[in-house]
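In what follows, chains are A, B, ... by sequence order, proteins preceding strands, each numbered from 1.
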Amino acid sequence: MTWRHIPFQSFDAFTNMAIDEAIMEAVREGRSPPTIRLYGWSPSAVSIGFFQGLRNEVDVGACQEAGVTVVRRITGGGAVYHDKEGEVTYSLIAPEGMFPKNIIESYRGICQPIIDALADFGIAAAFQPINDIIVGEGLNARKISGNAQTRRGGILLQHGTILWDVDVDRMFSLLKVSDEKMRDKLVHSVKKRVTCVKEYYTASQAELSRSLSKAFAAAFPGEERDYSAEEHARANTLARQKYGAADWNGQR
Amino acid sequence: MGFAVRKVPGGKLVRVDVAEGKAVITGDFFLYPEELIKALEACLSPKLGKEELVTFLDAVLAQGELIGCSAEDIAEVYLEALR
């Protein structure tokens, strides 16, 4: 099966999530081939997992003041700060029959191209179940990529971020901390557990994007093509009616 | 009204909030299909002991998969929230 590879483009958070759903529909209905897209978030955004409590996880006021959009994903997992200039995000959308039934094994397979791309920068990364890519081992392990997967109506969506540059202080100014007294300790602890490409290699965000593109194309051969007009139109509707709506984002 | 939270070692965070007799389960775990969350919440009754809670939660989870925490974690966190 020939994959469609959509090159890096930035959209707002609601549109990014809407595009994923629009492509899932198109693949399900046979209108589009299995697809991998690379994207950024403009403006910077916070996405929360499907099961997270919005106000437990996000300082909504701080996000508003900072012009950071907040969106609930359809995938589980945790709260993620998507810096406009700090990361590259990917989504892989395909019939679920193309991947192992075992969820951890499917995460492992889809994360392998990311590990290959990081190797281009001399970064020895590895998959760590459930859904992380780490650099280093044991107590020295630091997370460089987080991923999340859903399977709906026979279609698998896995999306994830690869950190190019991370500002942990900024992240914690937007996310809730369960115990304010522990904030400094938590920030310090997270700085030791999270890393990014820039800490190892002087690459640009664009170079990271190109390396990921190359690795995904090698693992899932296909051709470079853009979104269809139908997908664009459907994504606009979903962004407005679902992902941008208070009852979606505030549902728990 | 109360809540309890647990970070499962090697797993994810699960929280249960209880208000006006209703329980809401939140966290950064994965559940397939995602819609099962409502059925899991419906199992949480203050009239049930831990074993019964786990039995009912497991019956729901037989229809799917929960990754990052277990039925037992949810039951124990719920019972903590009630206290």
Checklist line | side chain to side chain contact (heavy atoms under 4.5 Å, CB included) partner of A/Phe51, chosen from B/Ile37, B/Val14, B/Asp28 | finding: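 Going through B/Ile37, B/Val14, B/Asp28 one by one, the side chain to side chain contact (heavy atoms under 4.5 Å, CB included) with A/Phe51 is satisfied by B/Ile37 alone.
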
Margin query: With a sphere of 6.0 Å drawn around CZ of A/Arg55, does it hold more than 12 non-hydrogen atoms of other residues, nucleotides or ligands?
Written below: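 No.
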
Check: Should the heavy atoms of other residues, nucleotides or ligands under 6.0 Å from NZ of A/Lys84 be counted, would the total exceed 12?
Finding: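 Not buried by this count: 12 neighbours or fewer within 6.0 Å.
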
Next item on the list: Please confirm whether the backbone N or O of B/Glu34 pairs with a side-chain atom of A/Arg152, one donor and one acceptor, at under 3.5 Å?
Entry: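 Side chain of A/Arg152 to backbone of B/Glu34: no pair is present.
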
Margin query: Has B/Tyr32 got a side-chain atom pairing as donor or acceptor with A/Ile103's backbone, closer than 3.5 angstrom?
Written below: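 It does not hold such a pair.
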
Notebook entry, point to check: Considering residues at least two apart in sequence or located in another chain, which fulfil the ring-ring contact (aromatic ring centres under 6.0 Å, His included) criterion with A/Tyr243?
Noted result: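 Only A/Trp248 meet the ring-ring contact (aromatic ring centres under 6.0 Å, His included) criterion with A/Tyr243.
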
Next item on the list: Can you tell which part of A/Gln149 gets under 4.5 Å to a heavy atom of chain B, answering side chain, backbone, both or neither?
Entry: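 Contact with chain B is through both the backbone and side chain of A/Gln149.
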
Check: Top residue by heavy-atom pair count (under 4.5 Å) with chain A, among B/Ile67, B/Val24, B/Val5?
Finding: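 If we count pairs closer than 4.5 Å to chain A, B/Ile67 comes out on top.
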
Note to self: Run the salt bridge (Lys or Arg N to Asp or Glu O under 4.0 Å) test on A/Arg252 and B/Glu41 for me, step by step, so that the C-alpha distance in whole Å, both residues' side-chain angles and the decisive distance to 0.1 Å come before the verdict.
What the structure shows: CA-CA 12 Å; A/Arg252 69 182 44 241; B/Glu41 287 167 342; 2.7 Å; yes

Note to self: Please report the interatomic distance CG(A/Leu54) to OG1(B/Thr26), rounded to the nearest 0.5 Å.
What the structure shows: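 Result: 11.0 Å between the selected atoms.
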
Margin query: For chain B, which candidate among A/Gly77, A/Ala148, A/Gly76 shows the most heavy-atom pairs at distances under 4.5 Å?
Written below: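 Counting heavy-atom pairs under 4.5 Å, the top option is A/Gly77.
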
Next item on the list: Would you sort out whether B/Phe30 and A/Asn131 count as a side chain to side chain contact (heavy atoms under 4.5 Å, CB included), showing the intermediate values?
Entry: CA-CA 10 Å; B/Phe30 295 92; A/Asn131 56 324; 3.3 Å; yes

Checklist line | Which atoms of B/Phe29 approach chain A - backbone, side chain, both or neither, heavy atom under 4.5 Å | finding: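 B/Phe29 touches chain A through backbone and side-chain heavy atoms alike.
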
Check: By a 4.5 Å heavy-atom criterion (distance strictly below it), what part of B/Leu13 contacts chain A: side chain, backbone, both, or neither?
Finding: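 Looking at B/Leu13, nothing touches chain A.
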
